[in-house]
Amino acid sequence: MSVLVYVEIGKGKIKKSSLEAVNYGARIAAQLNTKVIAIVIGDGDFSDLGKAGANKVFKLNNEKLSNFDGIYLTEAIAQVATAENSTVIVFSHDFTGKEVAPRIAAKFKAGIVAGAVDNPIISGESFSVLKNVFSGKATALYSISSSKKIISILPNSFPVKLDGEAAELLDFNVNLDNVTSPIKVIAVKKDTAELNLSDADVVVSAGRGLKGPENWGMVEELATMLGAATACSRPVADMNWRPHHEHVGQTGVAIRPNLYFAIGISGAIQHLAGVNGSKTIVVINSDKDAPFFKSADYGIVGDAFEVVPKLIQAVKNFKANQN
Ligand SMILES: Cc1cc2nc3c(=O)[nH]c(=O)nc-3n(C[C@H](O)[C@H](O)[C@H](O)COP(=O)(O)OP(=O)(O)OC[C@H]3O[C@@H](n4cnc5c(N)ncnc54)[C@H](O)[C@@H]3O)c2cc1C
């Protein structure tokens with residue numbers, strides 16, 4: 001028996017959301033009195049995986065895994081799960097987790113909870129897992145009692161603890177010779193942003209109120225000054241004003257930063273679903289009746305083209321006074 005955790009690397013480092021998943025797997029393994037196996041693809045510094053609670057780290061080797069095609073990834077993870085008799089498989093509820101966790105569940109005919117926000121309550125063969133429902137307006141307790149259980153956890157739902165010991169690093173050769181994918185990768189565009197959106201403590205996000213991509217300079221400047229990641233609403237990504245990996249919400253990335261700036265975003269329920277777990281929300285909108293103000297901790301009614309430059313200047317002044 002084992003608990004398997006799928007881990008991702010970004011710019012040579014383990015993603016924070018993956019460390020949260022390893023911590024989560026370790027808490028389950030402690031209750032089940034079993035081991036945690038982390039699986040990674042690619043190269044990087046894996047030392048934090050042991051500290052987060054993994055006992056073994058399997059580095060999956062196969063050419064076909066280089067493009068993170070969900071069909072190959074599903075088969076590869078399933079081969080490790082079978083070899084290691086993994087009864088619980090944990091993912092982060094990010095793009096990969098959303099794509100691969102349901103496929104694994106279907107393959108093993110396993111119960112799945114997607115987007116868990118609390119540790120499972122384990123009672124014999126049954127796990128009860130809390131998740132958000134209705135775009136984050138309510139929570140529901142799901143019970144799964146299949147022999148294998150698949151859980152993906154909502155990023156930033158748990159603090160990361162790195163107090164474990166070193167893990168054993170092993171190669172795992174998966175056999176994908178008989179697996180074919182209908183997906184043809186035409187181009188790979190790498191995210192060049194310094195900060196991973198899901199991992200960021202502060203996020204500066206903007207919407208259609210900014211009128212066009214040429215106006216994002218002030219958003220990027222504010223983000224740089226605050227050490228923040230940039231994000232956007234869905235129409236902004238759909239119109240190619242910003243890259244799709246910045247789109248937050250129900251159909252985009254779900255984030256829970258400490259501080260979220262929403263500039264020229266109306267606050268539609270589908271947008272809120274991905275950001276309303278943020279600890280502090282600051283809304284800048286020219287319409288005093290914009291729905292986002294109902295979810296705001298701080299609201300500024302005003303034209304973003306006047307307010308944001310003033311905010312940038314205020315941050316500059318604040319920093320200058322600190323030196
Ligand atoms: C199934 C489904 C899934 C969806 N998933 C998502 C999702 O994941 N994420 C997402 O974001 N959306 C999603 N949407 C779309 C969502 O419903 C909204 O249409 C979208 O969030 C609106 O984007 P917006 O707020 O940028 O634009 P708008 O609704 O056009 O709002 C622009 C805002 O900017 C303000 N504004 C205008 N000018 C200024 C100015 N000069 N200064 C300050 N403020 C200004 C306006 O008052 C307005 O509030 C989804 C929709 C559906 C149907």
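Just so you know, ligand 1 is whichever comes first in the structure, and atom 1 is the first atom listed for that ligand. Everything numeric here is computed off the predicted structure, so don't read it as measured data. Just the heavy atoms: all of them, side chains too, but no hydrogens, waters or symmetry mates, feed the values below.
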Given [options], which has its nearest heavy atom closest to [atom]?
atom: atom 17 (O) of ligand 1; options: Lys211, His247, Gln270; result: Gln270
atom: atom 19 (O) of ligand 1; options: Pro291, Pro235, Ala237, Ala273; result: Pro235
atom: atom 25 (O) of ligand 1; options: Gly252, Gly209, Ser266; result: Ser266
atom: atom 6 (C) of ligand 1; options: Thr251, Val275, Val283; result: Thr251

[X]-ligand 1 polar pair, N/O distance under 3.5 Å:
X: Val236; answer: no
X: Gly264; answer: yes
X: Ala304; answer: yes

> Can you list every pair that meets ring pair (Phe, Tyr, Trp, His ring centres under 6.0 Å) and has a residue in residues 146-170, with sequence neighbours left out?
Replying inline: Tyr24-Phe158
> Does the pair Phe108 and Thr82 meet the rule for a side-chain contact (heavy atoms from CB on, under 4.5 Å), with working shown?
Replying inline: CA-CA 10 Å; Phe108 286 125; Thr82 303; 3.8 Å; yes
Do me a favour and list the nearest non-hydrogen protein atom to [atom] with residue, atom name and distance?
atom: atom 49 (O) of ligand 1; result: Asn285 ND2, 2.9 Å
atom: atom 41 (N) of ligand 1; result: Asp303 OD1, 3.0 Å
atom: atom 27 (O) of ligand 1; result: Arg208 CB, 3.3 Å
atom: atom 26 (O) of ligand 1; result: Ser233 OG, 2.6 Å
atom: atom 12 (N) of ligand 1; result: Arg234 CB, 3.4 Å
atom: atom 44 (N) of ligand 1; result: Ser286 N, 3.2 Å
atom: atom 18 (C) of ligand 1; result: Ala268 CB, 3.6 Å

> Within 4.0 Å of atom 46 (C) of ligand 1 (strictly less), any protein heavy atom?
Replying inline: yes
Heavy-atom contacts with [X] under 4.0 Å: which atoms of ligand 1 show up? List them by number with element.
X: His271; answer: 9 (N), 10 (C), 11 (O), 21 (O)
X: Gln250; answer: 7 (C), 8 (O)
X: Phe305; answer: 41 (N)
X: Gly207; answer: 26 (O)

>> Measuring from non-hydrogen atoms of Gly302 to any atom of ligand 1, is the shortest distance under 4.0 Å?
In response: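 Heavy atoms of Gly302 do come under 4.0 Å of ligand 1.
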> For Val248, is the nearest heavy atom under 4.0 Å from an atom of ligand 1?
Replying inline: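 Yes, that is the case, since the closest heavy atom of the residue is under 4.0 Å from the ligand.
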>> If you define the side chain from C-beta out and look only at heavy atoms, does anything of Ile284 sit under 4.5 Å from Leu311?
In response: yes
> Got Val308 and Val219 here, is their nearest side-chain heavy-atom distance under 4.5 Å?
Replying inline: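 Result no, sub-4.5 Å side-chain heavy-atom pair not found.
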> Between the side chains of Asp94 and Ser198, does any donor sit under 3.5 Å from an acceptor?
Replying inline: no
>> For Met218 versus Asn215, what's the shortest heavy-atom pair and its separation?
In response: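 Result for this residue pair: CG-O, 3.7 Å.
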> Taking all atoms of both residues into account, what is the closest heavy-atom pair of Tyr72 and Val179, and its distance?
Replying inline: CE2-O, 3.4 Å
>> Which label fits Phe91 and Tyr6: parallel for a plane angle under 30°, tilted from 30 to 60°, or perpendicular past 60°?
In response: tilted
>> Tell me whether the rings of His271 and Phe292 are parallel (<30°), tilted (30 to 60°) or perpendicular (>60°).
In response: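 Geometry flag for Phe292 against His271: perpendicular rings.
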> Given the rule in the side-chain contact (heavy atoms from CB on, under 4.5 Å) test, do Val236 and Trp216 qualify, once you have shown the distances and angles that lead to the verdict?
Replying inline: CA-CA 11 Å; Val236 162; Trp216 247 260; 3.7 Å; yes
>> Under a 4.0 Å threshold between the charged nitrogen and the carboxylate oxygen, would Asp297 count as salt-bridged to Lys279?
In response: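 Salt bridge absent between Lys279 and Asp297.
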> Out of Val160, Asp45, Val7, which residue meets the side chain to side chain contact (heavy atoms under 4.5 Å, CB included) rule with Ile14?
Replying inline: Val7
> With a 4.0 Å heavy-atom cut-off (strictly under), which part of Phe292 contacts ligand 1: side chain, backbone, both or neither?
Replying inline: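 Near ligand 1, Phe292 shows nothing, with every heavy atom at 4.0 Å or more.
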> Taking it one step at a time, do Lys56 and Leu170 satisfy side-chain contact (heavy atoms from CB on, under 4.5 Å)?
Replying inline: CA-CA 7 Å; Lys56 282 193 221 169; Leu170 300 156; 3.7 Å; yes
